[in-house]
Every structure is written in structure tokens, then in C-alpha cells.
Asker: 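This is the structure, below, for whatever I ask next.
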Amino acid sequence: MGGLKRSHYCNELQQANVGDEIILMGWVLRRRDHGGVIFVDLRDLRGITQVVFNPEYNEKVHAKAHDLRSEWVLAVRGKVCARPEGMTNKNLQTGAIEIMVDELRILNTSPTPPFPLDEEKDVAENLRLKYRYLDLRRPKMINNLRLRHQAAHAIRTYLDENNFIDVETPILTRSTPEGARDYLVSSRVNPGKFYALPQSPQLFKQLLMIAGVDRYYQIVKCFRDEDLRADRQPEFTQIDMELSFVDEDDIMTIAEGMIQRLFKITLNKDISTPFKRMTYAEAMERFGCDKPDTRFGLELINLTETVRDCGFKVFASVVKKGGLVKSINAKGCATLSRKNIDDLTEYVAQFGARGLAWVKIKEDGEWQSPIAKFFTEAERNDMGQTLDAAPGDLLFFVADTPAVVHQALSELRLELGRRLNLIDKSVFDLLWVTDFPLLEYDEDEGRYTAVHHPFTAPHEDDLALLESAPGKVRSRAYDMVLNGTEIGGGSIRIHQKDVQNRAFAALGISPEEAKDKFDFLLRALELGAPPHGGIAFGLDRLMMILTASDSIRDVIAFPKTQRAACPLTEAPSPVARKQLTELHLRPDWKED
RNA sequence: GGAGCCGUAGCUCAGCUUGGUUAGAGUGCCUGCCUGUCACGCAGGAUGUCGCCGGUUCGAUCCCGGUCGGCUCCGCCA
């Protein structure tokens with residue numbers, strides 16, 4: 001750089017700097033060559049400054065500026081000048097001034113970049129990912145990275161103020177049963193044995209509580225070898241914490257304070273605490289899901305009892321078989337076309353609904369519906385009353401198993417919310433969902449599995465049910481929900497060995513297997529484990545919401561594609577046979 | 001494991017329904033002109049494995065099958 005030192009960033013210079021001699025460094029965003037005067041928009045991570053090469057001001061430098069091209073890297077020494085009358089650019093933070101250049105250093109050149117960086121148009125994502133370092137030069141992307149940094153910083157500061165200490169836990173650890181598929185790492189020095197990358201530092205943070213650490217946190221990578229989604233990556237970041245001698249309220253209060261701080265620092269938004277709370281049972285009943293978006297209505301209404309003995313066999317037989325009939329009253333939506341309704345029927349079909357019954361309430365209160373004829377007038381009145389139906393309304397019904405009814409109507413509700421523009425995007429709607437069931441029955445495995453994880457404490461009132469009615473046991477788990485997205489979840493943990501053994505037994509884990517896989521935990525629990533609990537937040541998902549991104553990939557510097565590949569490094573890649581041999585692995589795939 | 005959408009110039013896309021001349025547009029790029037632009041302007045120019053393989057056909061960017069890649073979703077994600 002020939003001894004030049006940057007004096008300012010490209011967003012800083014204002015009217016007050018006029019007359020100053022400054023040095024900027026950055027990339028050529030655009031060059032406008034007027035034959036005489038040449039304008040260059042110089043960009044760095046913070047902004048853009050117009051630099052001017054005028055032959056009358058400095059002929060030698062002007063000549064050199066002819067060669068400049070997009071994304072060349074420059075150091076520019078010059079004088080801050082006020083722009084001529086009427087020439088300010090209101091779209092630019094530095095639009096009041098420009099730099100008359102005395103010295104131009106070309107620090108690096110570049111061929112024409114493979115895609116434009118000026119954000120005028122969307123670019124194919126795999127191209128962006130292949131040249132991610134170019135993509136990240138775009139203001140939106142660098143802003144996302146910066147906001148993520150600010151979020152992490154605010155969280156660390158807050159937790160430090162609250163006596164948490166950051167402790168690192170192993171990335172190479174042991175595979176445990178339950179949960180997601182593990183990423184495995186083979187051990188060179190232990191033939192036939194494997195490490196697993198952590199799905200979360202769950203057991204280590206519990207062991208830290210037993211160690212007396214009292215309050216632990218970590219912003220930490222977690223790994224789950226499952227299929228990707230717009231909001232799911234195989235490696236993702238958790239804000240992980242654990243506290244001793246606390247109950248649910250203590251943890252919720254700490255977590256609320258942290259989220260409050262996060263919003264204040266990153267978006268300067270004031271969030272009021274405490275957050276709303278809702279039990280799992282209420283969330284399912286009213287919204288059909290455990291992470292309700294409560295920014296709008298369209299709640300589910302239970303008609304199971306109303307239609308139990310009705311004339312419509314589809315409904316009545318579902319009820320008889322123990323299923324549910326629920327409805328959504330889309331107020332004032334009778335104007336939706338048959339095509340609209342068909343689209344919605346197709347939409348809910350992907351969630352298992354075999355049909356979507358509907359009724360339009362006409363101006364005279366009569367039903368316009370394919371199923372109207374199956375109901376007596378009394379039944380129609382009964383249903384209309386339960387649903388608060390009025391002329392102009394559109395009623396949707398799903399009758400099926402509780403799981404299908406809830407998922408289908410929950411998704412229908414969200415789709416209606418989006419289509420009807422019912423969601424106020426400026427609102428951040430935070431709530432807790434509590435009292436999750438501890439266990440749920442897995443038909444495929446023929447046993448109960450943990451809804452949260454196997455170390456979650458059962459509700460004390462329900463302890464006796466652990467053996468007699470495992471599905472009825474409530475847990476001491478809680479999720480934090482933001483705008484219908486689960487952003488964090490945690491629980492009070494089991495801190496007594498005998499309770500942990502009973503929980504394992506309920507999960508169908510034999511005492512032998514428990515000893516084999518979790519001996520270290522059981523031993524630790526009996527050596528003076530304090531009551532403890534914690535919570536973990538998905539930092540990536542939080543950042544998605546804070547940046548209003550559609551994809552988790554937009555808040556991760558180097559994300560992976562849906563096939564879990566990195567277009568930039570071309571990971572995963574083949575490895576030399578020698579590496580495999582050292583790891584005692586014998587490939588069963590064809591080598592090139 | 002399954003469903004849907006997409007793949008044409010460096011980039012963003014049209015063309016494909018109904019197969020047939022030289023495959024287009026905008027932008028970018030190159031050259032020239034231009035001293036106040038800021039998505040500068042004007043004139044000219046170059047640029048295509050129509051993802052790949054196969055089939056049907058006299059003839060395939062277009063129809064069919066397969067395959068590769070990208071995205072969204074279901075399953076999966078304690």
C-alpha cells in the first residue's frame with residue numbers, strides 16, 4: 001500500500017470534513033467515464049463514497065483512472081470537497097461530498113466478476129455460494145454478518161453480566177442413542193471406534209452443573225445429519241446455557257432478558273417482558289401446533305362434539321373412531337373462488353388431509369357447500385353458532401386423526417394468514433409454550449420416545465404416571481416461540497439417578513443399555529448433582545427473523561446446499577485411500 | 001424414501017404450448033465519442049455444449065425416458 005494508511009471508511013465523510021485530506025481503501029463498485037471527468041463509486045464494508053478524477057485537477061491520476069474496472073481494489077488519497085450546487089446524492093450517506101483524487105494506488109485488479117454486485121437483480125444461489133466471497137461484499141450480506149456479530153456480542157455481554165461463564169465442550173464426543181442422526185468421525189488409534197459430532201452439548205453442560213459451574217453458556221456449533229430445509233443446516237449454532245438451583249421461572253426470566261437485550265442492541269426495538277405463556281395443550285387446541293403464530297386470528301374451533309351424531313357420515317365416523325373434527329372460520333372470505341379453494345385443498349393434502357370440506361355463508365345465511373345436504377337445518381345452525389358464522393364467511397373443516405387435523409389446519413391457517421395479508425410484519429410476537437408431554441408414542445419403533453430429550457424432568461405431579469401412563473406425563477420443558485418459529489427450547493433436567501433410570505425405562509432403554517451408554521451420567525447424578533435446567537436458542541433462526549431473511553443461508557457466511565455440499569470448497573470430497581486405511585475404513589463404493 | 005418447480009449469452013430471463021431459416025431481449029463486456037454523472041449518455045461490436053446422456057423423428061432448445069445440479073415441501077430433524 002506504499003505507506004498509505006486508511007483514514008476513513010466509505011460511509012463516514014460529511015460536509016464537516018470538507019477540506020480534509022483523507023485516504024480511502026475499497027473496491028470499485030461502478031465507474032462513470034465522461035471522457036473528461038471520471039466518477040468512481042468506491043465501496044467498502046460500510047458504504048460508498050464517490051471519488052472524482054478530473055483532468056483539470058490532476059491529469060496524471062485522471063489518465064490512470066481510465067483503466068479502472070469493477071471490483072478492482074484501490075487506495076485513494078485526496079481532498080474532501082463539497083459537491084456542486086444541486087449535485088448531492090440523497091441515496092448515499094456520503095452524498096453531500098466527493099473526493100478529488102491526488103493519488104491513486106491500484107492494490108489489485110480483477111476480471112469482470114461472474115455476477116453483478118450492485119443488488120439490482122437476484123442471482124442464482126449456487127453461483128453466489130461458489131463465489132461466496134464476492135456475494136458477501138454485497139451490503140445486504142455484510143450487514144447480515146455484522147448484525148449477527150452484534151447479536152452474539154450482546155448475548156455474551158448480557159450473560160457475563162448475569163454471572164454466566166463460557167466453557168468450551170468437546171466437538172469429538174461419543175454417539176448417544178435417541179435424537180437425530182449423528183455425524184461420525186472414525187478413530188485412527190482405536191480401530192472400529194467412532195466419535196460423533198455433538199447434536200448439542202447437552203450432557204456436557206449438565207456435567208458442568210454437577211461440577212459446580214453454576215451458570216454456563218456457550219455459542220456453539222451443533223451437528224445433525226438430517227435433510228436440509230430453508231431453515232435447517234447440518235451444522236448450526238446454538239446459544240446454549242444451563243443454570244443450577246433454578247426452576248422454570250428463573251430460566252425464563254433470564255432468557256426473556258437476553259432476548260430483550262438482543263432486540264434492543266440489534267434493532268433498537270423495545271420488547272416487553274414477561275412474555276405470554278401458553279400450555280402445549282392450549283396451543284394444540286387453538287392453533288394445532290406447538291409453535292403458534294399469534295400475530296393473527298383464524299383460530300381452530302373444535303366441532304368434534306357438535307358433529308358427533310350428525311348426518312354427515314364422514315364426520316360422524318371419524319369422531320366414532322376417536323378422531324377430531326375442527327374448523328377454521330375465514331371471516332369474510334366467501335369471495336374466494338372455487339379455484340382458490342381447490343388450491344388450498346391441494347395445499348393441505350401435502351400435510352395428510354384427505355379432504356378439505358368448506359362452506360360459504362350466503363347473504364341470506366344459507367349454506368353454499370358440497371356438504372350442505374348432509375346436515376339438518378338444526379345441525380347447520382348448531383355448527384354455525386359454534387363457529388360464529390356470519391354471511392360472507394368461509395368455513396373450512398378437516399376430519400381425521402388428531403395429528404392430521406392439527407397439522408393440516410395449522411398449515412391452512414398460516415397459508416390463509418399469508419394470502420389474506422393478516423400478518424403485521426413489524427410485530428415481534430414472543431411467547432412461551434409450556435407443559436409439553438414428556439413422551440410420545442412412536443408407531444414405527446413401537447415404543448415411547450422423548451419429545452424433548454431423555455434428560456428432561458417429568459412434572460412432579462405426574463411422576464407416578466411414568467410407568468402406568470407414560471403418554472400422559474407432562475414435562476418441565478418450555479419453548480420460546482417468535483412469530484411462529486421455535487427459536488429456543490429447554491427444560492429442567494432430571495438430577496436424581498433413580499428418576500433418570502425410570503425415564504430410561506419408559507423410553508424402552510434397558511438397564512444394561514442405560515449402563516452401557518449413559519454410565520458416566522448416572523454416576524455423575526449420584527455424586528451430588530444439583531437441581532439444574534437450561535435452554536438453548538437457535539442463533540441462525542433468530543438471525544433469520546432479525547434480518548427478515550427467507551433462508552438460513554443468508555445469515556451464515558459459508559452455508560451448504562440442500563445436498564449438504566459446499567459449492568465453494570466442493571466439500572464433501574473424496575479422500576485418498578491411504579487416509580481411509582489409516583482410519584481402518586474399507587470403502588464399499590466404486591473409486592474412480 | 002417421496003412430491004413439486006427450475007436449468008437457454010458473464011448475469012437476469014423470453015422462446016418450447018403446435019419440432020423446421022441466422023435462438024432473442026435487457027444488462028454486463030469490448031471499442032470509439034462525451035467535463036457533473038451517480039443504474040450517466042450516444043454509436044458500434046463480440047459472446048451460446050439451449051445442464052448431460054439416450055430415444056422418437058427426415059429433422060429436437062422444443063416431444064419422451066433417464067441422469068446431474070439448484071430451490072421449496074412431506075417424511076426425518078431427542
Asker: Could you give the distance separating B:G48 and B:C13 at their C1' atoms, to the nearest angstrom?
Answerer: 15 Å

Asker: Can you tell if the side chain of A:Leu92 reaches within under 4.5 Å of the side chain of A:Glu98, non-hydrogen atoms only?
Answerer: no

Asker: Suppose the criterion is side chain to side chain donor-acceptor pair (under 3.5 Å): which pairs have a residue in residues 476-490 of chain A, not counting sequence neighbours?
Answerer: A:Glu248-A:Arg476

Asker: Please give the distance between the C1' atoms of B:G55 and B:G19 as a whole number of Å.
Answerer: 15 Å

Asker: Who passes side-chain hydrogen bond (donor to acceptor under 3.5 Å, both in side chains) against A:Asp67, sequence neighbours left out?
Answerer: none

Asker: Measure the CE-OG1 distance between A:Met141 and A:Thr547 for me, rounded to the nearest 0.5 Å.
Answerer: 9.0 Å

Asker: Without decimals, in angstroms, what is the distance between A:Asp41 CG and B:G36 P?
Answerer: 17 Å

Asker: Phosphate oxygens OP1/OP2 of B:C71: is one of them under 4.0 Å from a side-chain N or O of A:Arg128?
Answerer: no

Asker: Rounded off to whole Å, could you give me the CE-to-P distance for the A:Met87 and B:C40 pair?
Answerer: 15 Å

Asker: Quiz question: by atom type and distance under 3.5 Å, do the side chains of A:Gln202 and A:Gln206 form a donor-acceptor pair?
Answerer: yes

Asker: Who are the side-chain hydrogen bond (donor to acceptor under 3.5 Å, both in side chains) partners of A:Arg354, not counting sequence neighbours?
Answerer: A:Asp400

Asker: If you measure from the C1' atom in B:G20 to the same atom in B:G59, how many Å do you get, rounded?
Answerer: 7 Å

Asker: Could you list, one pair per line, each protein nitrogen or oxygen that sits under 3.5 Å from a nitrogen or oxygen of nucleotides 11-14 of chain B, together with the distance?
Answerer:
| residue | atom | partner | partner atom | Å |
| --- | --- | --- | --- | --- |
| B:U12 | OP1 | A:Ala124 | N | 2.6 |

Asker: Report all interatomic pairs (protein N or O, nucleotide N or O of nucleotides 41-48 of chain B) with separations under 3.5 Å.
Answerer:
none

Asker: B:C16 and B:G24: how far apart are their P atoms, nearest whole angstrom?
Answerer: 15 Å

Asker: Restricting to side-chain hydrogen bond (donor to acceptor under 3.5 Å, both in side chains), what partner residues turn up for A:Glu513, sequence neighbours left out?
Answerer: A:Lys517

Asker: Could you pull out the protein-nucleic contacts involving nucleotides 66-69 of chain B (nitrogen or oxygen on both sides, under 3.5 Å)?
Answerer:
| residue | atom | partner | partner atom | Å |
| --- | --- | --- | --- | --- |
| B:G69 | OP1 | A:Arg563 | NH1 | 2.4 |
| B:G69 | OP2 | A:Arg563 | NH1 | 3.2 |

Asker: Do the side-chain N or O atoms of A:Gln199 get closer than 4.0 angstrom to the phosphate oxygens (OP1, OP2) of B:C77?
Answerer: no

Asker: Quick test of your reading: applying side chain to side chain donor-acceptor pair (under 3.5 Å), list the pairs with at least one residue in residues 171-185 of chain A, sequence neighbours left out, ordered by first then second residue.
Answerer: A:Ser175-A:Asp182, A:Glu178-A:Arg447, A:Arg181-A:Glu226, A:Asp182-A:Gln199

Asker: Check this for me: does the side-chain of A:Glu98 come within 3.5 Å of the base of B:G36 through a donor and an acceptor?
Answerer: yes

Asker: Please list all pairs meeting ring pair (Phe, Tyr, Trp, His ring centres under 6.0 Å) that have one or both residues in residues 39-67 of chain A, counting only residues at least two apart or in different chains.
Answerer: A:His34-A:Phe39, A:His62-A:His66

Asker: When the C1' atoms of B:G15 and B:G54 are compared, how many Å lie between them, rounded to an integer?
Answerer: 25 Å

Asker: Indicate, yes or no, whether a donor-acceptor pair under 3.5 Å links the base of B:C77 to the side chain of A:Arg232.
Answerer: yes

Asker: If you compare every side-chain N and O of A:Arg32 against the phosphate oxygens of B:C40 (OP1, OP2), does one of them come in below 4.0 Å?
Answerer: yes

Asker: So do A:Met209 and A:His495 actually touch side chain to side chain, heavy atoms under 4.5 Å?
Answerer: no

Asker: With sequence neighbours left out, write down each residue that passes side-chain hydrogen bond (donor to acceptor under 3.5 Å, both in side chains) with A:Thr401, or none if nothing qualifies.
Answerer: none

Asker: Report yes if some heavy atom in the side chain of A:Leu74 is under 4.5 Å from a heavy atom in the side chain of A:Leu42; otherwise report no.
Answerer: yes

Asker: Got a sec? Which of residues 220-229 of chain A come in under 4.0 Å of RNA chain B, heavy atoms?
Answerer: A:Arg224, A:Glu226, A:Asp227, A:Arg229

Asker: Compare the aromatic ring of A:His34 with the six-membered base ring of B:C40 and state whether they stack according to the 5.5 Å and 30° rule.
Answerer: yes

Asker: Give me the residues of residues 49-70 of chain A where at least one heavy atom lies under 4.0 Å from an atom of RNA chain B, by number, or none.
Answerer: A:Gln50, A:Asn54, A:Pro55, A:Glu56, A:Arg69

Asker: Go nucleotide by nucleotide along RNA chain B from the 5' end; which of A:Arg83 and A:Gln350 gets its closest nucleotide reached first?
Answerer: A:Arg83

Asker: Send over the distance from A:Asp442 CG to B:G75 P, rounded to a whole Å.
Answerer: 13 Å

Asker: Please state the P separation for the pair B:U35 and B:A46 - nearest whole angstrom.
Answerer: 28 Å

Asker: The side chain of A:Ala230 lies closest to which of these nucleotides: B:U72, B:C77, B:C40?
Answerer: B:U72

